Amino acid sequence: MKNNITFYLNDKEEQVMRVLWKAEQPMSATEIANEINTVWAKKSIRNIIRKLESKKAIEVAEIAKIQKTYGRLFRATISSNEYAMMQFEKFYDRDREPSFLLSALTEDKNSAFSEDLKKLMEKYKTK
């Protein structure tokens with residue numbers, strides 16, 4: 001992970017982060033809100049951005065001219081995979097056998113994630 005900060009994202013913060021994770025370039029608050037396209041996004045996007053900045057999840061990438069004024073463009077400071085690992089490490093019990101973890105991850109036989117994980121394990125078995 002780029003920074004050693006651990007944080008949790010609430011649902012609205014996660015939606016903002018998902019937009020930034022998918023973005024090819026930094027985005028303004030208005031662009032982010034438009035991507036989310038909900039009533040709450042337009043009303044509270046600036047508060048959510050302030051919270052994400054305080055958590056060091058996002059940063060100002062640049063100041064750019066937006067229409068007739070200047071505004072801040074934001075980018076994520078960590079990737080979605082880094083965030084997922086951060087959450088995993090927070091709850092992972094190192095005192096248990098690793099097989100317990102694999103069992104828990106593959107428990108739901110109908111899960112697409114479970115199937116992907118099984119394929120990945122098979123791939124590494126053959127190497």
Side-chain angles (χ1 to χ4, degrees):
M1 215 166 353
K2 293 173 190 160
N3 55 29
N4 285 334
I5 297 169
T6 300
F7 55 83
Y8 171 77
L9 299 173
N10 66 35
D11 290 341
K12 290 178 181 179
E13 292 168 341
E14 189 173 321
Q15 286 183 51
V16 169
M17 291 300 292
R18 286 182 186 277
V19 169
L20 290 171
W21 286 327
K22 288 179 187 175
E24 300 277 324
Q25 55 197 8
M27 298 177 74
S28 70
T30 302
E31 291 171 323
I32 296 166
N34 289 340
E35 278 294 312
I36 296 170
N37 196 22
T38 63
V39 173
W40 69 258
K42 300 206 185 324
K43 291 182 178 179
S44 58
I45 192 72
R46 282 172 177 60
N47 286 334
I48 294 167
I49 285 174
R50 270 193 289 281
K51 288 179 186 175
L52 289 170
E53 281 183 295
S54 72
K55 291 179 179 184
K56 307 252 187 274
I58 65 172
E59 66 185 5
V60 175
E62 61 186 277
I63 307 290
K65 189 166 187 173
I66 303 170
Q67 295 171 356
K68 294 182 180 181
T69 75
Y70 285 88
R72 302 181 304 161
L73 301 181
F74 301 94
R75 71 171 156 235
T77 60
I78 66 167
S79 69
S80 58
N81 288 341
E82 289 170 323
Y83 178 70
M85 282 304 298
M86 180 191 302
Q87 298 312 302
F88 172 77
E89 288 175 356
K90 190 162 67 171
F91 296 106
Y92 178 59
D93 183 357
R94 286 183 168 71
D95 294 333
R96 297 192 87 165
E97 286 291 317
S99 60
F100 172 77
L101 174 62
L102 287 176
S103 173
L105 289 172
T106 58
E107 191 172 279
D108 183 358
K109 305 291 186 226
N110 298 321
S111 162
F113 174 77
S114 177
E115 287 304 312
D116 290 346
L117 186 58
K118 287 176 188 174
K119 288 176 188 172
L120 185 62
M121 289 187 316
E122 286 300 318
K123 178 181 169 184
Y124 281 99
K125 278 185 191 176
T126 60
K127 283 189 174 185

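Note that these values count all heavy atoms, side chains included, but never hydrogens, waters or copies made by symmetry. These figures come from a predicted structure and were not determined experimentally.
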query: Is any side-chain heavy atom of V16 less than 4.5 Å from a side-chain heavy atom of I58?
result: no
- request: Please identify each residue that fulfils side chain to side chain contact (heavy atoms under 4.5 Å, CB included) with A84, with sequence neighbours left out.
  value: none
- prompt: Yes or no on side chain to side chain contact (heavy atoms under 4.5 Å, CB included) for R75 and V60, after CA distance, side-chain angles and deciding distance?
  reply: CA-CA 7 Å; R75 71 171 156 235; V60 175; over 6 Å; no
field: Non-hydrogen side-chain atoms of I36 and K42 separated by less than 4.5 Å
entry: no
field: E82 CD to W21 CH2 distance, which is reported to the nearest 0.5 Å
entry: 9.5 Å
query: Mind checking what makes side chain to side chain contact (heavy atoms under 4.5 Å, CB included) contact with S44, not counting sequence neighbours?
result: W40, I48
task: Keeping the roles fixed (side chain from Y83, backbone from L9), state whether a donor-acceptor pair exists under 3.5 Å.
output: yes
query: Would a hydrophobic clustering, with Ile, Leu, Val, Met, Phe, Trp and Tyr connected at side-chain separations under 4.5 Å, put V39 with I49?
result: no
query: Is I45 linked to I66 within one hydrophobic cluster, defined over Ile, Leu, Val, Met, Phe, Trp and Tyr using a side-chain heavy-atom separation of less than 4.5 Å?
result: no
Shortest non-hydrogen contact between P26 and A61, atoms and distance: CG-CB, 3.4 Å
Residues forming a side chain to side chain contact (heavy atoms under 4.5 Å, CB included) with A23, sequence neighbours excluded: M27
- prompt: So, are E13 and K55 salt-bridged, with charged N and O less than 4.0 Å apart?
  reply: yes
task: Any chance you could measure M17, atom CE, to I78, atom CD1, to the nearest 0.5 Å?
output: 5.5 Å
field: Pairwise distance CG(N47) to NZ(K51) - rounded to 0.5 angstrom
entry: 6.5 Å
query: Are the side chain of T77 and the backbone N or O of A57 linked by a donor-acceptor pair below 3.5 Å?
result: yes
- request: Answer with yes or no whether the hydrophobic clustering places F7 together with F74; edges join I, L, V, M, F, W, Y residues whose side-chain heavy atoms lie under 4.5 Å apart.
  value: yes
message: Show, in sequence, the C-alpha distance, side-chain angles and deciding distance for Q25 and E31, and conclude whether the side chain to side chain contact (heavy atoms under 4.5 Å, CB included) test is met.
response: CA-CA 11 Å; Q25 55 197 8; E31 291 171 323; over 6 Å; no
